[in-house]
Amino acid sequence: IGATDFVSWAGWLAGMILEVAADMQKSRWKDAGNKGFIERGVWKYSQHPNYFGEMLLWASLCVSCTNGLPTAGQKALAIASPAFVCYLLRFVSGVPLLQKAAKAKYGGDPKYLQYVARTSLLVPWPPKSEP
């Protein structure tokens, strides 16, 4: 066990906390009777914080697990699974489908268009300044 393991476990924990926080915030927001799209909490910093948390936790876990593998080939094979999950979430089944649905539902709402313009798509980041 080395420094890389501790850093990767911290990444896993951060990803798990982010994913759970995003899901809880959205659930509570909907349960409160809100309509439309959420732009509070972690959703202020990312349009898809739950997916970023999911990607982070699997990638971080993979880093720790590959430390124990003896060959580069085994490490590459181990990396393939979380890399594929990240690819699917970002480019195939997760983000693109939700972006398409949100655009169809809220695309005419200037408030939504402002949210999209100022908010990071995936990686939580401070919002861009209002024009």
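Hydrogens, waters and symmetry mates are skipped; everything else that's a heavy atom, side chains included, is used.
Note that the NZ atom of K75 and the SG atom of C62 stand 10.5 Å from one another [nearest 0.5 Å]. One finds the CG atom of L77 at 11.5 Å from the OG1 atom of T66 (value rounded to the nearest 0.5 Å). Note that the CZ atom of R90 and the NE2 atom of H48 stand 8.0 Å from one another [nearest 0.5 Å]. Note that CD of Q114 is 10.5 Å distant from OG1 of T119, once rounded to the nearest 0.5 Å. Atom CG of D5 is separated from atom OG of S64 by 4.0 Å, given to the nearest 0.5 angstrom. A distance of 10.0 Å separates CZ in F91 from SG in C86, rounded to the nearest 0.5 Å.
Sequence neighbours left out, the pairs with a member in residues 11-32 that pass side-chain hydrogen bond (donor to acceptor under 3.5 Å, both in side chains) are D23-N50.
L57 and F52 are not part of a single hydrophobic cluster, where members link through side-chain heavy atoms under 4.5 Å apart. Neither L18 nor V20 shares a network with the other; the hydrophobic side chains, linked directly or stepwise wherever heavy atoms of I, L, V, M, F, W or Y lie under 4.5 Å apart, form separate groups for each. Linking ILVMFWY residues whenever their side-chain heavy atoms come closer than 4.5 Å, directly or via other members, leaves W125 and L122 in distinct clusters. Each of V63 and L13 belongs to its own hydrophobic cluster when Ile, Leu, Val, Met, Phe, Trp and Tyr are linked at side-chain heavy-atom distances under 4.5 angstrom. In terms of hydrophobic clustering, with Ile, Leu, Val, Met, Phe, Trp and Tyr side chains grouped at heavy-atom distances under 4.5 Å, V95 and Y106 are assigned to a common cluster.
The minimum heavy-atom distance between L89 and P96, with the atom names listed, is O-CD, 3.8 Å. Considering every non-hydrogen atom in both P127 and K44, the closest pair reads CG-O, 3.5 Å. The two residues P82 and I79 come nearest to each other via the heavy atoms CD-O, 3.3 Å. Looking at every heavy atom in both residues, A102 comes nearest to Y112 through CB-OH, 3.2 Å.
Every residue meeting the salt bridge (Lys or Arg N to Asp or Glu O under 4.0 Å) condition with K111, not counting sequence neighbours, appears here in chain and number order: E39.
A donor and an acceptor atom, one from each side chain of N67 and T4, are nowhere located under 3.5 Å apart. No donor-acceptor contact under 3.5 angstrom links the side chains of S60 and W9, judged on distance only. For W43 and Q47, the side-chain atoms include no donor-acceptor pair closer than 3.5 Å.
No side-chain heavy atom of V123 sits less than 4.5 Å from a side-chain heavy atom of Y45. By the 4.5 Å heavy-atom criterion applied to side chains, V85 and M55 are not counted as neighbours. By the 4.5 Å heavy-atom criterion applied to side chains, D109 and Y115 are not counted as neighbours. Put simply, the side chain of R118 does not reach to within 4.5 Å of the side chain of L113, judged on heavy atoms.
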Might you work through the side chain to side chain contact (heavy atoms under 4.5 Å, CB included) test for R40 and N34, ending with a clear yes or no? CA-CA 12 Å; R40 296 186 215 149; N34 292 300; 4.1 Å; yes
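In L97, the CG atom is crowded: over 12 heavy atoms of neighbouring residues, nucleotides or ligands sit closer than 6.0 Å.
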